[in-house]
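Notes for the one structure printed next.
Heavy atoms only: backbone and side chains are in, while hydrogens, waters and symmetry mates are out.
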2 protein chains.
Amino acid sequence: MTAAHVHHPDLTRNQSLVYDVLNGSDAPLSAYSILDALRGEGFRAPLQVYRALEKLRAYGLVHRLESLNAFVACSHPDCAGHETAGFAICEKCGKVSEFAEERIAAPIRDWAKAEGFVLAGSTIELRGLCRDCREG
Amino acid sequence: MTAAHVHHPDLTRNQSLVYDVLNGSDAPLSAYSILDALRGEGFRAPLQVYRALEKLRAYGLVHRLESLNAFVACSHPDCAGHETAGFAICEKCGKVSEFAEERIAAPIRDWAKAEGFVLAGSTIELRGLCRDCREG
DNA sequence: ATTCGTTATGTTATGTCATAACACATCCCG
DNA sequence: CGGGATGTGTTATGACATAACATAACGAAT
Ligand SMILES: [Zn+2]
Ligand SMILES: [Zn+2]
Ligand SMILES: [Zn+2]
Ligand SMILES: [Zn+2]
């Protein structure tokens, strides 16, 4: 566990197990990968994972990557706040960088406002090569 | 068919059928919905739809909405060009507005450049209420 | 016109991701 | 104690996507 989210509303055993698996991975994981990682802890069925993920996402501890059907632990201290986080996904090594740039979020909010679109949430995912993989 | 994509590399029969279904819909459609819509034309299996969709996406005629697992016809004349299109999805009526705002795309490219991230593609999807549904 | 590579198609089976429905347990508060 | 809210376990099912193989259509080169 990194230092990012040490403090938090008490997690249940299942939620904590799922979070730790995600946080210990350096790439996004599918729900079924998490399930397999936790069979030794007694997990048997997908719902045990999905229900934990649902809560962890509500707490802002975990994000879903829509373009991968996979999940990552949040890398920011308080992500429930910044609702317009984005993700840069390396197609070679699988690593994901989460960013929360006001320079990117603001024009999106502006566009929505001008269109009369009531913004409830956003998915911003970039695909490409991270710096390490570009140079390698 | 709108006037948007009248000119184009010849589509095969399957590609043309799939495109017409998407273009005639005012909301995104799943691959299996398209399949059902085309059973009368002889479609029997998901791959017939997925293969057509793959080509249509390569031509820039169709986009995939990752957050919905669904597909829409492009609403721009030449979408193979602008690689950073975004979509505003109304959670009430299902309508999707495609936008290609330089104000939004530019800061994303700038961020990638500064990070050393080689941008290959992007997913930008907004959820919320469209103007009509907000007022209703 | 025949050959041959490329692209499209048809079909079956399988893989991957996600949720419905029901039962039982636990916790917290009044 | 009672009773609602939340968490859990389990089985079954639904929704989305692709692997693998066979056949057909097309187009350019000989
Ligand atoms: Zn975050
Ligand atoms: Zn990389
Ligand atoms: Zn487009
Ligand atoms: Zn609407």
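In this structure, Asp110(A) does not pair ionically with Lys113(A), as no charged nitrogen and carboxylate oxygen lie closer than 4.0 Å.
At whole-Å resolution of the value, CG in Asn69(A) and P in dG15(C) are 18 Å apart. Atom pair Leu17(A):CG and dG7(D):P shows a separation of 15 Å (rounding to whole Å applied). Atom CZ in Arg51(A) sits roughly 10 Å away from atom P in dG7(D) (whole-Å rounding). The CG-C1' distance, from Leu65(A) to dT16(C), rounds to 17 Å in whole Å. In this entry the distance linking CG of Asp10(B) with C1' of dT6(C) reads 17 Å, nearest Å. Nucleotide dT19(C) holds its P atom 8 Å from the CD atom of Glu54(A), rounded to whole Å. Counting to the nearest Å, the P atom of dT9(C) and the CG atom of Leu35(B) are 15 Å from each other. Between the C1' atom of dT16(C) and the CZ atom of Phe71(A) lies a distance of 13 Å, rounded to the nearest Å.
For the OP1/OP2 pair of dT8(D) and a distance below 4.0 Å, the side-chain nitrogens and oxygens of Thr12(A) include at least one atom meeting the criterion. Taking 4.0 angstrom as the limit, Tyr32(B) places none of its side-chain polar atoms (N or O) nearer than this to OP1 or OP2 of dA15(D). One finds a side-chain N or O of Asn14(A) lying less than 4.0 angstrom from the OP1 or OP2 phosphate oxygen of dG9(D). Distances shorter than 4.0 Å separate none of the side-chain N or O atoms of Arg13(B) from OP1 or OP2 on dC26(D).
Inspection of the Thr123(B) and Glu66(B) side chains reveals no N or O donor paired with an N or O acceptor under 3.5 Å.
How far OG of Ser75(B) is from CZ of Phe87(B): 7.5 Å, rounded to the nearest 0.5 Å.
Distance from the side chain of Tyr50(A) is smallest to dA18(C) among dT11(C), dA18(C), dT18(D). Considering only side-chain atoms of Leu47(B), the nucleotide from dA19(D), dA17(D), dC17(C) that sits closest is dA19(D). The listed nucleotides are dT10(D), dA17(D), dG10(C); the one nearest the side chain of Gln48(A) is dT10(D).
Both Pro46(A) and Gly42(B) sit near DNA chain C, but only Gly42(B) has its closest nucleotide nearer the 5' end.
Side chain of Glu41(B) to backbone of Leu38(B): no donor-acceptor contact under 3.5 angstrom is found.
Taking the six-membered ring where tryptophan is involved, the planes of Tyr50(A) and Tyr32(A) are perpendicular, since the angle between them exceeds 60° and thus also 30°.
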